[in-house]
J.: 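I have a structure here, written as structure tokens, and I will follow up with some questions on it.
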There are 2 protein chains.
Amino acid sequence: MTRSPLTRDEVLDAAAALVRQSGPQALTMRGLAAELGTAVTSIYWHVGNRESLLDALVERTVADLGEIRPRGGTPQERVVSVARALRRLLRAHPHLVAMVHERGLTERMFLPAQQALVHEVHAAGLRGARAAEAVRAVQFQVVGHVLVERNRERAPVQRPGEEDLWAETDTATAAAEDDRALARALAAPVDPERVFTTSVRALVKSLLEAGT
Amino acid sequence: MTRSPLTRDEVLDAAAALVRQSGPQALTMRGLAAELGTAVTSIYWHVGNRESLLDALVERTVADLGEIRPRGGTPQERVVSVARALRRLLRAHPHLVAMVHERGLTERMFLPAQQALVHEVHAAGLRGARAAEAVRAVQFQVVGHVLVERNRERAPVQRPGEEDLWAETDTATAAAEDDRALARALAAPVDPERVFTTSVRALVKSLLEAGT
DNA sequence: ACCTGAACACCGTTCAAGT
DNA sequence: ACCTGAACACCGTTCAAGT
């Protein structure tokens with residue numbers, strides 16, 4: 001029994017599954033061919049080469065990203081909600097951010113969120129260059145945070161362990177020494193979601209205050 | 001004329017040069033051997049394998065990172081100065097952040113800056129969990145921004161180009177339509193240094209206000 | 001139009017053999 | 001203790017040959 005003829009979409013689907021699961025470096029042409037039950041060289045006929053295969057993959061994923069609807073009563077809340085939605089979207093495609101950036105598609109990927117942000121920032125009274133800066137700041141903040149968070153997840157065992165560092169060192173600052181709660185909080189594992197919300201809220205608060 | 005005997009440090013130095021210039025993926029054992037004028041297998045005797053070579057490299061670089069001295073009159077200014085110093089340090093080692101994260105050495109790398117931040121945040125009146133959160137927020141902010149900035153640099157040609165996107169689309173929000181300055185600012189190329197300073201200042205302002 | 005295997009130039013790594 | 005070349009199992013990619 002012979003397999004049905006290979007299509008470009010089939011190749012992309014299989015590649016997407018591999019990348020989604022284990023990242024782009026896990027996508028080998030030979031592995032993909034095995035997955036598809038075809039000769040390696042067939043893939044080349046459909047997608048060119050590995051690089052353009054990844055290009056196509058990224059393009060397709062970016063195009064499929066959903067809308068972003070701001071929620072909340074105040075501009076502050078609404079901007080924060082856009083940031084959170086953006087984070088959730090990016091986390092759903094763990095390898096997307098890096099791949100998109102490498103291909104120079106960041107701006108395109110961000111357009112929907114950017115427009116939502118522009119709207120809210122405008123509603124908060126910011127204008128001109130100041131408004132643009134606020135939008136950019138939030139954009140950098142979200143992507144940056146997601147990148148850091150992802151990197152942390154890939155390195156689950158923080159080897160020296162922040163806890164030990166704060167316990168060991170006698171260079172621990174006086175500040176931390178006479179603030180047990182602070183020392184304890186710094187020794188505790190990081191909750192990225194919490195850090196994210198705190199940071200975004202703080203950032204947005206300051207940025208929007210400038211408009212009032 | 002035979003070469004002087006190979007040393008571990010020689011290997012690390014050559015590897016560091018390669019990584020610094022073109023990133024870890026450009027470091028091949030064979031290329032390194034060629035650079036050193038030895039057989040590939042000699043390197044294995046000195047450093048084990050590629051992975052432990054990179055480990056050693058990262059460890060050495062992290063250990064060599066300099067001090068961080070806060071500058072400025074107010075806690076605000078001093079925290080911002082730490083963030084800027086941190087950014088400068090990371091930018092001097094373009095591939096370090098990612099490599100450090102992958103190896104779970106982030107906390108160790110950040111310890112000096114973290115202690116400086118703790119001190120300043122404490123001086124600003126923050127205590128306990130709140131102080132820890134502020135420190136974490138700044139830390140994530142800086143690393144995140146540097147990661148985004150690095151990614152941008154690696155992708156110099158933003159293909160659809162943000163400018164065109166804002167020019168083309170008739171989905172451009174009303175906000176942008178009646179604010180020419182905003183549209184122009186969003187169409188202009190991003191100045192990452194400026195975004196960084198704006199963001200950090202805004203973030204720190206909010207975070208430290210909580211302590212007063 | 002679509003698929004195939006053979007072949008090429010690259011990897012990292014192991015190993016037995018040299019000095 | 002240190003270095004070596006040969007060999008193995010992987011890559012991505014090209015190409016001539018099939019249907």
Side-chain angles (χ1 to χ4, degrees), chain A residues 1-61 95 98-100 102-104 154-155, chain B residues 1-61 95 98-100 102-104 154-155:
Chain A
M1 70 181 215
T2 57
R3 75 182 310 302
S4 63
L6 193 62
T7 68
R8 186 184 154 87
D9 270 334
E10 253 179 304
V11 175
L12 285 181
D13 288 342
L18 281 174
V19 167
R20 173 165 213 129
Q21 214 182 0
S22 342
Q25 91 291 345
L27 175 74
T28 73
M29 300 302 269
R30 287 173 151 91
L32 185 56
E35 194 78 22
L36 288 164
T38 49
V40 205
T41 40
S42 301
I43 299 174
Y44 283 84
W45 197 91
H46 285 285
V47 299
N49 57 17
R50 199 185 108 100
E51 200 44 35
S52 45
L53 166 57
L54 285 174
D55 285 350
L57 211 57
V58 169
E59 208 112 18
R60 209 180 64 164
T61 313
H95 308 283
M99 294 173 71
V100 160
E102 275 161 17
R103 282 161 183 77
R154 257 190 297 163
Chain B
M1 69 180 213
T2 57
R3 75 181 313 297
S4 63
L6 192 62
T7 67
R8 186 184 153 87
D9 270 333
E10 254 180 303
V11 175
L12 286 180
D13 289 342
L18 282 174
V19 167
R20 172 164 214 131
Q21 215 180 0
S22 341
Q25 90 290 349
L27 175 73
T28 73
M29 300 302 269
R30 286 173 151 90
L32 185 56
E35 194 79 22
L36 288 163
T38 49
V40 205
T41 40
S42 302
I43 299 175
Y44 282 84
W45 197 91
H46 286 285
V47 299
N49 58 16
R50 200 184 108 99
E51 200 44 36
S52 44
L53 167 57
L54 286 173
D55 285 350
L57 212 58
V58 169
E59 208 111 20
R60 210 180 64 163
T61 314
H95 308 282
M99 294 173 71
V100 160
E102 276 161 17
R103 281 162 184 78
R154 258 192 294 165

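So you know, we letter chains A, B, ... as the sequences are listed, proteins then strands, and number each from 1. It should be emphasised that the depicted structure is a prediction, and the values quoted were computed from it without experimental measurement.
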J.: Quick check on dC3(C): is either OP1 or OP2 less than 4.0 Å from any side-chain nitrogen or oxygen of H46(A)?
T.: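 Yes, H46(A) has a side-chain N/O under 4.0 Å of OP1/OP2 on dC3(C).
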J.: side-chain contact (heavy atoms from CB on, under 4.5 Å), that's the test. Do D9(B) and R60(B) meet it? Break it down for me.
T.: CA-CA 10 Å; D9(B) 270 333; R60(B) 210 180 64 163; 3.8 Å; yes
J.: Output the pairing pattern of DNA chain D as a dot-bracket string, 5' first, Watson-Crick or G-U wobble with both distances under 3.5 Å, | for cross-strand pairs, [ ] for crossing pairs.
T.: ||.|||||...|||||.||
J.: With no hydrogens and no angle check, is any side-chain donor or acceptor of H46(B) less than 3.5 Å from a backbone partner on V11(B)?
T.: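 A pair under 3.5 Å: no.
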J.: Donor-acceptor pair, D13(B) side chain versus A16(B) backbone, under 3.5 Å?
T.: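 No: the side chain of D13(B) does not pair with the backbone of A16(B).
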J.: Tell me, with the steps shown, if V19(B) and M99(B) meet side-chain contact (heavy atoms from CB on, under 4.5 Å).
T.: CA-CA 10 Å; V19(B) 167; M99(B) 294 173 71; 3.9 Å; yes
J.: Report yes or no: does D55(A) contribute a side-chain atom to a donor-acceptor pair with the main-chain N or O of V58(A) at less than 3.5 Å?
T.: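 Not confirmed, D55(A) side chain does not pair with V58(A) backbone.
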J.: Measure from CG on L6(A) to C1' on dT4(C) and round the result to the nearest Å.
T.: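 In whole Å, dT4(C) C1' and L6(A) CG are 13 Å from each other.
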J.: Show the nearest heavy-atom pair for residues P24(A) and L54(A), with the distance to one decimal.
T.: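 Taking every non-hydrogen atom into account, CB-CD2, 4.5 Å.
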J.: Walk along nucleotides 8-19 of chain D from 5' to 3' and tag each nucleotide B, S or - by protein heavy-atom contact under 4.0 Å, base first, then sugar-phosphate.
T.: ---BBBBB----
J.: What is the minimum heavy-atom distance between L53(A) and A15(A), and which atoms define it?
T.: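 Heavy atoms of L53(A) and A15(A) come nearest at CD1-CB, 4.0 Å.
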J.: Out of dC3(D), dC2(C), dC2(D), which nucleotide sits closest to the side chain of W45(A)?
T.: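 Nearest to the side-chain atoms of W45(A), counting from C-beta on, is dC2(C).
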J.: Keeping R50(B) on the side-chain end and L27(B) on the backbone end, is there a donor-acceptor pair under 3.5 Å?
T.: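 Confirmed, R50(B) side chain pairs with L27(B) backbone.
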